[in-house]
Amino acid sequence: MLKNYIKITFRHLLKNKTYSFLNIFGLAIGLACAGVIFLWVEDEVTYDNAHVKKDQIYRVWENWNYDGDIRTFNSTPAPLAEAMKTEIPGIAQTCRTSEGGTDILFTLGDKKMYASGLYADASFFSIFTFPFIEGNAANPFPQLYSVVITEKTARKFFGGTRNVVGKTITVDNAQPYVVSGVIKDIPENSSIKFEWAAPFEIYFKQNAYLKNWGANSVDTYAELAPNADVSGINAKMQHIIANHNPGAINQAFLFNMNDWRLHGQFSNGKQSGGRIEYVRLFSLIAWIILFIACINFMNLATARSEKRAKEVGVRKVMGAGKNKLITQFICEALFMSALAAVLAVLILLVVLPGFNILVDKHLSIALDKPMHLLWLLGITVVCGVLAGSYPSLYLSSFNPVFVLKGIKSKTGSAVFIRKGLVIVQFNVSIILIICTAVIYQQIQHVKKRNLGLNKDNLISIDAQGTIKQNFAAVKTALLATGVVENVALADHVPLYGGNNTEDIGWEGKPATGSILISQRLVSPEFIQTAGMKIVAGSDFKPVAAANGMDVLITESLEQLMGKGSAVGKTITTPYTTDSIIHSRVAGVVKNYVYGNMYGSPDPVVFYCLPEETNLMYIRMNAGADKETALHKIGAVMQQMNPAYPFTYRFIDDQFNAMFTNETLMQQLSRLFATLAIVISCLGLFGLAAYTAERRTKEIGIRKVLGASVSGITRLLSADFLKLVGIAALIAFPVAWYTMDQWLQKFPYRVSIHYWVFLLAGLAAMLIALLTISFQSIKAALMNPVNSLKAE
């Protein structure tokens, strides 16, 4: 019986090649789209799965209450880890790491290489799963100056991963470190990534301020004992910092590893989403596109019903029951779905490299994985059954008496459903076009925002070696190149959050309540180099004022300090628990945007402390060729700081990186919109061909009566364009509501303009017209003599 079904299916496919191709290709595109999203979603939802203790691992975050405005940060005091382990039952072990990735220079003979890593407690390797190839996770740091490296780092340093333990490499051209372990390369979908790890004690020695409970400058992790009461532990965590630092406004809490990747967004101290929103959104869109592909199948199958009516009639007369016919048509749909799945895999092989570049991942089909193979088989069956369900029920319901007598069955319901499905297809396409346009506008709106600083032609260099000590000479040499406008030192990237505190005071500051103020440590040239503007008072002088340290503040802080100009007023900054620094406000800087590009920035205080900086900023001349300028700058740096390779970062690249999620959403929306349009047009093309075929005699008669080619083309196109118009009218309010809700997340946002909807609707109409026109013009150009020949 299966053999008969296959024969019949093949015969049908060969007899209707055009329609079969449109069906298979449309389904293949839908399956490929769903496959790509499945791989992306799989990568997202399996983040950190390599860690065996994932369910028991927590990161410590803190809620800070600034006069009812609760902010959530993941920086913690260094003493917190030990206090948690000794004071709170249920915590098995804790560890600390330095914040973010630290780039340091490793030297091995003539090799000089930068690598990014972290300083960590020894317990780091027993909490997290980083399998050792060489060395021992129980004793990763047998001595103070030891380092654990990854396979990739070992190959980069030593050319291999074996017999590496015990070898020595020099850090920052000063301190020899002994390699104490080699671990397997860390999976890409891991929240914690590093090329090297060294003992936390080194970091602690280098930064004496870390012993202070008020210094929130490290990452703290905890492993809970099995069956530990998380809510009970969190209740104790709320007070642990205040117990050691009376008056503290920050409360610690545990944040489980399962939520780090997808649920890491907080609002007013509570979880408020994260990347899970993108996972849900794109999963939904993938299913919708797959459904659109199935709609194509239904439309074309029911449209061709008259061609198969006699076949159904004969088979019923010969004894075939309705269930048997349904089974046959479902089998045909499953067979075509299987062919589409094979084609989808081929499409995936072609497009996946490009998609990986788009989403910055290394996804692979990996059909050797049972889950991937099961998913492919499952979705193929679902598509086959879904696409073939309505056509099989519709075709199997034909009355054999009417069919064999040549009496046309009523097809009103089928026509109505076909039109409805076309509307659904273009409705989705138009919504995606509008969403793509609005997302693009929002990104460009923020990127073109007046930041209050000039990010163009500005690069940063790590102030390593003798750069700070010889800064005056380095600056003079750089300016002498003719391609550099200015040079300065700073402790943080201007666009990022940096250090902040609530302890800065001034005369008249309310005794109650807390205000978050950011701090920047800079050299006197920084304001001019960064392209910021002084709106009152003066910039830093090369030599500190005799009556104390001068500072600069932003306009927002001046407003907080009361009426009148803040120039000349005094602010106080705690230096230690026993001493306070009194500083005079020398000038006011125009507000600039940093941290959250969509919101209003916090107030900032600039301190002239070049010796405390770690970055050097170089502003290149606006008219200079970048490649030439970088070559000249690199030559100077090699001459002035020869022990360190010249590496740099463009500030505008760092700015663009702050819109990764939004850019990804815009690019994927554009991709999905294109796919939805292509699939919809495939169906429309087939329906137009079928319509032209059905109306062949009508077209012949009209041409004999004097109808023009353009008139016949308009006649055949009008019905389809009406459907697209109806789809647009339905899509407009849905798209507006969707984008309005999305934009509400951004304090600084673009308005939704009416012309976006008009352009999207016109674009859909034009695409549909181009799709239909080929078949319409072809039919209109036919010789009416041939059209009017009797059957």
Pairs under 3.5 angstrom only: tabulate donor-acceptor contacts from the side chains of residues 334-361 to other protein residues two or more places apart or in another chain.
unit_1 : atom_1 : unit_2 : atom_2 : d
S337   : OG     : T380   : O      : 2.7
N356   : OD1    : L363   : N      : 2.8
N356   : ND2    : L352   : O      : 3.4
N356   : ND2    : L363   : O      : 3.1
K361   : NZ     : D43    : OD2    : 2.6
K361   : NZ     : E44    : OE2    : 2.8

Is the gap between the ring centers of F255 and H263 under 6.0 Å?
no

Return yes if a side-chain donor-acceptor contact under 3.5 Å exists between D462 and T647, otherwise no.
no

Checking H445 against Y748 for the ring pair (Phe, Tyr, Trp, His ring centres under 6.0 Å) test, could you report, in this order, the C-alpha distance in whole Å, the side-chain angles of both residues, the deciding distance, and whether it holds?
CA-CA 9 Å; H445 179 65; Y748 185 80; 4.6 Å; yes

Shortest non-hydrogen pair, K156 vs A115, comes out as NZ-CB, 4.5 Å

Could you go through the side chain to side chain contact (heavy atoms under 4.5 Å, CB included) check for F655 and I651 one step at a time?
CA-CA 6 Å; F655 175 76; I651 302 304; 5.6 Å; no

Under the side chain to side chain contact (heavy atoms under 4.5 Å, CB included) criterion, do W260 and I192 qualify, and how do the steps go?
CA-CA 10 Å; W260 291 0; I192 300 176; 4.2 Å; yes

Partner of F130 under side chain to side chain contact (heavy atoms under 4.5 Å, CB included), picked from V148, T150, I186, is I186

Using 4.0 Å as the upper bound for N to carboxylate O, is an ion pair formed by E42 and K369?
no

Evaluate the criterion side chain to side chain contact (heavy atoms under 4.5 Å, CB included) for residue pair V593 and M597; output intermediate values, then yes/no.
CA-CA 6 Å; V593 183; M597 293 293 113; 3.9 Å; yes

Fit a plane to each ring of F266 and W61, take the angle between them on a 0 to 90° scale, and name the class: parallel (under 30°), tilted (30 to 60°) or perpendicular (over 60°).
tilted

Please determine whether the number of non-hydrogen atoms from other residues, nucleotides or ligands lying under 6.0 Å from atom NZ of K111 exceeds 12.
yes

Looking at D55, is its backbone amide N or carbonyl O close enough to the side chain of N256 to form a donor-acceptor pair, meaning the two atoms are under 3.5 Å apart?
yes

Could you measure the distance from the SG atom of C33 to the CG atom of L671? Nearest 0.5 Å is fine.
6.5 Å

Are more than 12 heavy atoms from other residues, nucleotides or ligands located less than 6.0 Å from atom CZ of F132?
yes

A quick test of your reading: do over 12 heavy atoms of other residues, nucleotides or ligands sit less than 6.0 Å from NZ of K184?
no

Around atom CD of E627, are there more than 12 heavy atoms of other residues, nucleotides or ligands at under 6.0 Å?
no

Assess the side chains of H753 and Q441: does a donor N or O sit below 3.5 Å from an acceptor N or O?
no

Test salt bridge (Lys or Arg N to Asp or Glu O under 4.0 Å) applied to K447 and E662, step by step
CA-CA 12 Å; K447 283 187 174 182; E662 292 82 357; over 6 Å; no

Carboxylate-amine/guanidinium contact D48 R261, below 4.0 Å:
no

Kindly indicate whether a cation-pi arrangement holds for K626 with F650, taking the cut-offs as under 6.0 Å to the six-membered ring centre and within 45° of the axis.
yes

How close do I423 and L723 get, counting heavy atoms only, and between which atoms?
CG1-O, 3.6 Å

